[in-house]
Protein chains: 2
Amino acid sequence: LQPTQQIQPAPSITQPSVVVANPTPANTPATPQVHVSSSEPPTVGQLVSKSHSGGYDEDGINLEEIREFAKDFKIRRLSLGLTQTQVGQALTATEGPAYSQSAICRFEKLDITPKSAQKLKPVLEKWLNEAEMRNQEGQQNLMEFVGGEPSKKRKRRTSFTPQAVEALNTYFEKNALPTGQEITDIAKELNYDREVVRVWFCNRRQTLKNTSKLNVFQIP
Amino acid sequence: LQPTQQIQPAPSITQPSVVVANPTPANTPATPQVHVSSSEPPTVGQLVSKSHSGGYDEDGINLEEIREFAKDFKIRRLSLGLTQTQVGQALTATEGPAYSQSAICRFEKLDITPKSAQKLKPVLEKWLNEAEMRNQEGQQNLMEFVGGEPSKKRKRRTSFTPQAVEALNTYFEKNALPTGQEITDIAKELNYDREVVRVWFCNRRQTLKNTSKLNVFQIP
DNA sequence: TCCTCATGTATATACATGAGGATAC
DNA sequence: TATCCTCATGTATATACATGAGGG
């Protein structure tokens with residue numbers, strides 16, 4: 001419920017601050033054992049690979065460095081006001097290796113193997129550096145580099161940490177329609193923008209309604 | 001674990017059959033009560049609206065008819081070999097109301113209010129009828145109408161029912177690497193294409209590996 | 001034929017927007 | 001006039017299924 005950082009966007013867009021936080025996996029499967037070779041069929045635990053406490057994996061890849069870069073990349077991308085989609089499209093359009101939005105997403109979330117990450121890192125690093133340079137020469141330049149419209153200055157998507165979501169859900173179950181003051185308190189407690197929290201509740205109520213009407217009697 | 005239907009595609013594409021099944025919500029919240037007006041803050045149950053057993057909702061909308069159409073729509077869309085994205089783009093390009101991929105998705109899954117569904121239905125119905133007509137005049141015509149490439153004949157995405165996924169997960173936990181025979185049996189049991197089940201296991205293993213390496217130690 | 005691995009496309013979900021309407025000042 | 005709500009619906013992100021190369 002704490003590790004959030006408020007980032008101010010570099011571009012001129014008047015925007016509420018962005019919240020970027022270290023994603024923290026809720027599940028912590030950590031049974032060792034790397035390969036299966038007994039006569040017994042492999043179970044889930046056996047597939048999950050060993051802990052690498054040194055920060056390096058078996059291929060000598062610096063995991064810590066990659067984690068740091070992934071976080072850094074996201075912050076810088078958002079500061080430039082770019083979406084994963086834009087980065088993906090730009091990479092595909094530009095020279096060099098092409099990647100899709102979901103590839104960028106997986107990289108930022110580290111839902112890839114260290115090897116893939118290691119391979120992607122320099123590509124993204126180079127691209128981002130160039131994008132930042134263009135941006136310094138004016139936002140027009142950046143948009144041209146990225147190959148998109150100036151865009152309608154949409155607020156950047158907040159991403160709540162799993163912990164924050166859990167906390168919000170707990171509040172929601174107790175009271176789905178908090179008062180202004182309660183919203184303020186919750187926002188402060190979780191360290192997110194108040195408006196973002198308010199909208200979260202609106203959306204939550206809406207989803208709940210929508211998914212429980214036409215659907216309910218569908219059990220065939 | 002049973003309600004699946006094998007649909008053969010209308011177009012000439014040589015493709016394994018598609019599986020379309022009635023999605024069945026796992027959660028069944030059904031506490032009545034429509035509006036909140038006590039001094040107590042509303043809780044989740046109170047937001048969920050009443051059951052409409054007659055098949056009609058309070059606005060006189062025929063829910064049953066909508067459910068049927070939603071299902072029908074999906075089947076026909078897939079038979080034409082179209083994706084939700086294509087439908088969305090086509091609707092946006094054509095005259096008439098525009099809708100996005102996620103709107104189509106929500107319609108098919110019925111994650112919308114009956115009112116919205118009622119409004120969307122004729123739009124989709126009309127569009128689909130036209131698309132089917134074009135298709136009869138040859139697939140070229142359809143693609144032109146949709147406004148896309150002939151596309152690379154990708155297999156259509158299977159969608160497993162929640163029940164099927166649950167069953168698969170249970171098998172997976174017991175044995176993450178089933179033998180050929182086991183796969184065959186599971187596929188038969190669940191009534192899905194064998195290849196699709198095999199790939200499901202491959203993907204499951206991969207996901208498990210990817211999400212438990214770089215990520216595990218990120219708990220900040 | 002089947003696996004793993006990298007990575008894509010299609011779909012689903014989460015956050016955002018804006019119109020229209022109550023309150024509550 | 002300032003909030004805040006609901007509702008329809010969008011965009012951005014995340015996840016699930018698919019593909020294809022390389023290997024045995």
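A note on names: the letters A, B, ... follow the listed sequences, proteins ahead of strands, and every chain is numbered from 1. Reckoned from all heavy atoms, side chains included, excluding hydrogens, waters and symmetry mates.
Neither OP1 nor OP2 of D:dC7 sits under 4.0 Å from any side-chain N or O of B:K119. At D:dT11, none of the side-chain N or O atoms of A:K155 fall inside 4.0 Å of OP1 or OP2 (strictly under the cut-off). Listed pair B:R156 / D:dA16 fails the phosphate criterion, with no side-chain N or O lying under 4.0 Å from OP1 or OP2. Note on A:T83: every side-chain N or O is 4.0 Å or more away from OP1 and OP2 of D:dA12. In terms of phosphate contacts, B:T158 brings a side-chain nitrogen or oxygen within less than 4.0 Å of OP1 or OP2 of D:dA18. The side chain of B:R77 places an N or O atom within less than 4.0 Å of a non-bridging phosphate oxygen (OP1 or OP2) of C:dT11. Of the side-chain N and O atoms in A:Q206, none sit less than 4.0 angstrom from OP1 or OP2 of D:dA8. Checking the phosphate oxygens (OP1, OP2) of D:dG10, a side-chain nitrogen or oxygen of B:S100 falls inside 4.0 Å. A close approach under 4.0 Å does occur between a side-chain nitrogen or oxygen of A:K109 and OP1 or OP2 of D:dT15. Contact between the side-chain N/O atoms of A:T113 and the OP1/OP2 oxygens of C:dA6 is found at a separation under 4.0 Å. The phosphate of D:dT6 has OP1 or OP2 within less than 4.0 Å of a side-chain N or O from A:R205. The shortest distance between the side-chain N/O atoms of A:Y99 and the OP1/OP2 oxygens of C:dG8 is not below 4.0 Å. The side chain of B:R198 places an N or O atom within less than 4.0 Å of a non-bridging phosphate oxygen (OP1 or OP2) of C:dC3. Between A:T207 and the phosphate of C:dT13, there is no side-chain N or O to OP1/OP2 separation shorter than 4.0 Å.
When each of A:T92, A:L124, A:L120 is checked for a side chain to side chain contact (heavy atoms under 4.5 Å, CB included) with A:Y99, only A:L120 meets the rule.
Residue side chain A:R154 does not reach the base of D:dA12 through any donor-acceptor N/O pair under 3.5 Å, judged by distance alone. A donor and an acceptor atom sit less than 3.5 Å apart, one in the side chain of A:N203 and one in the base of C:dA16. For a distance-only test at 3.5 Å, the side chain of B:Q101 fails to qualify as a donor-acceptor partner of the base of C:dA10.
In this structure D:dG20 sits in a base pair with C:dC5, meeting the Watson-Crick or G-U test at under 3.5 Å.
Expressed to the nearest 0.5 Å, how far CG of A:L110 lies from CD1 of A:I112 amounts to 6.5 Å.
When each of C:dT4, D:dT15, D:dA12 is scored by its nearest atom to the side-chain atoms of A:D111, the top-ranked nucleotide is D:dT15.
Using cut-offs of 30° and 60° on the angle between ring planes, the pair A:Y192 and A:F160 is tilted.
Closest heavy-atom contact between A:P114 and A:I66: O-CD1, 4.0 Å.
Remark: A:K71 does not engage A:E108 in a salt bridge, criterion side-chain N to carboxylate O under 4.0 Å.
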